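One structure below.
Treat the numbers as computed from the prediction; the structure is a model and nothing was measured. Below, chains carry the letters A, B, ... as their sequence lines are ordered, and counting in each starts from 1.
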Number of protein chains: 2
Amino acid sequence: MPNSEKTEIIRNKGLEARPLDTFDRTILGELAVDAGLSYAELGSRVGLSAPAVHERVKRLRATGRICGTVAVLDGPATGKPFLAFVHVDTTGGSKSRTFRALSELPELEEIHSVAGDTCTLLKVRCASSRALEGLLARLYAMPGIKATRSYVVLSTYLERTPQAGITEALEEPPMDEAPR
Amino acid sequence: MPNSEKTEIIRNKGLEARPLDTFDRTILGELAVDAGLSYAELGSRVGLSAPAVHERVKRLRATGRICGTVAVLDGPATGKPFLAFVHVDTTGGSKSRTFRALSELPELEEIHSVAGDTCTLLKVRCASSRALEGLLARLYAMPGIKATRSYVVLSTYLERTPQAGITEALEEPPMDEAPR
DNA sequence: TGAAGAAAGGAATCACATTCGGAGCAATCT
DNA sequence: AGATTGCTCCGAATGTGATTCCTTTCTTCA
């Protein structure tokens, strides 16, 4: 075995399931905003050397904390200025097949199964209201689609990927009694 | 003026407002899925040399088609397994102030003003249902918040950033009559 | 047909990612 | 207590890929 491999194995020990320390969370926070940072720059921001942050980022990837690195495209600038959320009521039917078919469309950005007075929630970004109409038509052509309600986005004040921070205060017990 | 600057200026001619050709759209499509690709690899996928794609990517950034490059964090793996959409009914009030305050919370991922039977739509990712409770409490403490309806996500089948593709067929006129 | 502008490719340069070896530090065992 | 083991850090060295420059080619327009 080449020396490099052996070292690699030794170094990768204990990659699994470890709580995030402050360094990790800061790194995640920075990368969630700008993944184009150099390791040197990132290191100086969190107070570590480039090799150290490199090691940590590698670990964060390996353990699934970082799922990937993507370029964020501007909807309007790339020809899809129209954004809408669509609530879908379904009756039985093979959801997974329907979802897989929908996922093929680049207009579909999110598909969630939700609790509440509706069943499924879609996030759709498309070229125009006409395109949304076409998409709804396709939806209704699928089996088990009972009804839809569309919420057309007029303006977007915030839109970003998951952030690293956690507001601890939100979990404090509410006003009067401390639950369990 | 140094030679490099002059060259840069010459090279940056015509950066503004040009329609995306097939190369651009393919590049955007690839980068929206994986921004970690090397220019050489990207070039071989679209059929251009590394310097050529580099030039185009630079242009796509400069013209705002690419807003940024980010690391995609896994919600559950980073301590926020709880996802919900919250519809908010507001009465008058200074929305922008409220929105700015909300944006401070890393739990808030999206804030849209929408048309439909509700006013504002929030995407919230937090640690627990208790945290959502805490967030709603903060919401109600703000002026002009009339009511909220929360849709708790049970499972997510698809979640991604804006894609480059456009399904032309969606814009075709519907069944019977050709509009306009 | 000729001239000019834009874009691509090849080669060279430069910056940064990545690796390596060693040192510091904490926890565990003797 | 002292030693050992394992982990993570850092500085220096290396390699790869980003970036630049220059030339060539293609297209467009006079």
Worksheet item: Whole Å only: how far is the CG atom of B:Asp21 from the P atom of C:dA6?
Response: 16 Å
Worksheet item: Is any side-chain N of the basic residue among B:Glu41 and B:Arg45 closer than 4.0 Å to the acidic one's carboxylate O?
Response: yes
Worksheet entry | Donor-acceptor pair between B:Arg56 and B:Thr26 side chains, under 3.5 angstrom | no
Discussion item. Measure CG/A:Asp24 against C1'/D:dC7 and give the value in whole Å, please.
Written reply: 14 Å
Discussion item. For the backbone of A:Leu108 and the side chain of B:Arg160, can you confirm whether one donor and one acceptor N or O come within less than 3.5 Å of each other?
Written reply: yes
Worksheet item: Out of C:dA11, D:dC10, C:dA8, which nucleotide sits closest to the side chain of B:Ala52?
Response: C:dA8
Worksheet item: Got a donor-acceptor contact below 3.5 angstrom from the A:Arg65 side chain to the B:Thr78 backbone?
Response: no
Item to complete: Going by the salt bridge (charged side-chain N to carboxylate O under 4.0 Å, His left out) test, name the single residue among B:Glu109, B:Glu110, B:Glu159 that passes it with A:Lys123.
Response: B:Glu110
Worksheet item: Should B:Lys58 be listed as having a side-chain N or O under 4.0 Å from OP1 or OP2 of D:dT20?
Response: yes
Worksheet item: CZ of A:Arg59 versus C1' of C:dT18: gap in Å, rounded?
Response: 16 Å
Check nucleotides 14-18 of chain D against the protein and report each pair of N or O atoms closer than 3.5 Å, with its distance, or say if there are none.
residue	atom	partner	partner atom	Å
D:dA18	OP1	B:Tyr39	N	3.2
D:dA18	OP2	B:Tyr39	N	3.3

Worksheet item: Rounded to the Å, how far apart are B:Leu48 CG and C:dG9 C1'?
Response: 10 Å
Worksheet, complete the sentence: To the nearest angstrom, the CZ-C1' distance between A:Phe23 and D:dT8 comes to 10 Å
Fill in: Whether A:Glu30 side chain and A:Leu42 backbone form a donor-acceptor pair below 3.5 Å
no
Worksheet item: Is the A:His54 ring parallel, tilted or perpendicular to the A:Tyr39 ring (thresholds 30°, 60°)?
Response: perpendicular
Worksheet item: Expressed in angstrom and rounded to an integer, what is the separation of A:Leu42 atom CG from D:dC9 atom P?
Response: 12 Å
Practice prompt. Examine distances only and state if a side-chain atom of B:Ser150 and a backbone atom of B:Val152 form a donor-acceptor pair shorter than 3.5 Å.
Written response: no
Discussion item. I'd like to know if the side chain of A:Tyr140 reaches the main chain of A:Thr148, judged simply by a donor and an acceptor atom lying under 3.5 Å from each other, with no hydrogens or angles considered.
Written reply: yes
Worksheet entry | Any residue of residues 25-35 of chain B with a heavy atom less than 4.0 Å from an atom of DNA chain D | none
Practice prompt. Output the single nucleotide from D:dC10, C:dA8, D:dC9 whose closest atom is nearest the side chain of A:Arg56.
Written response: D:dC9
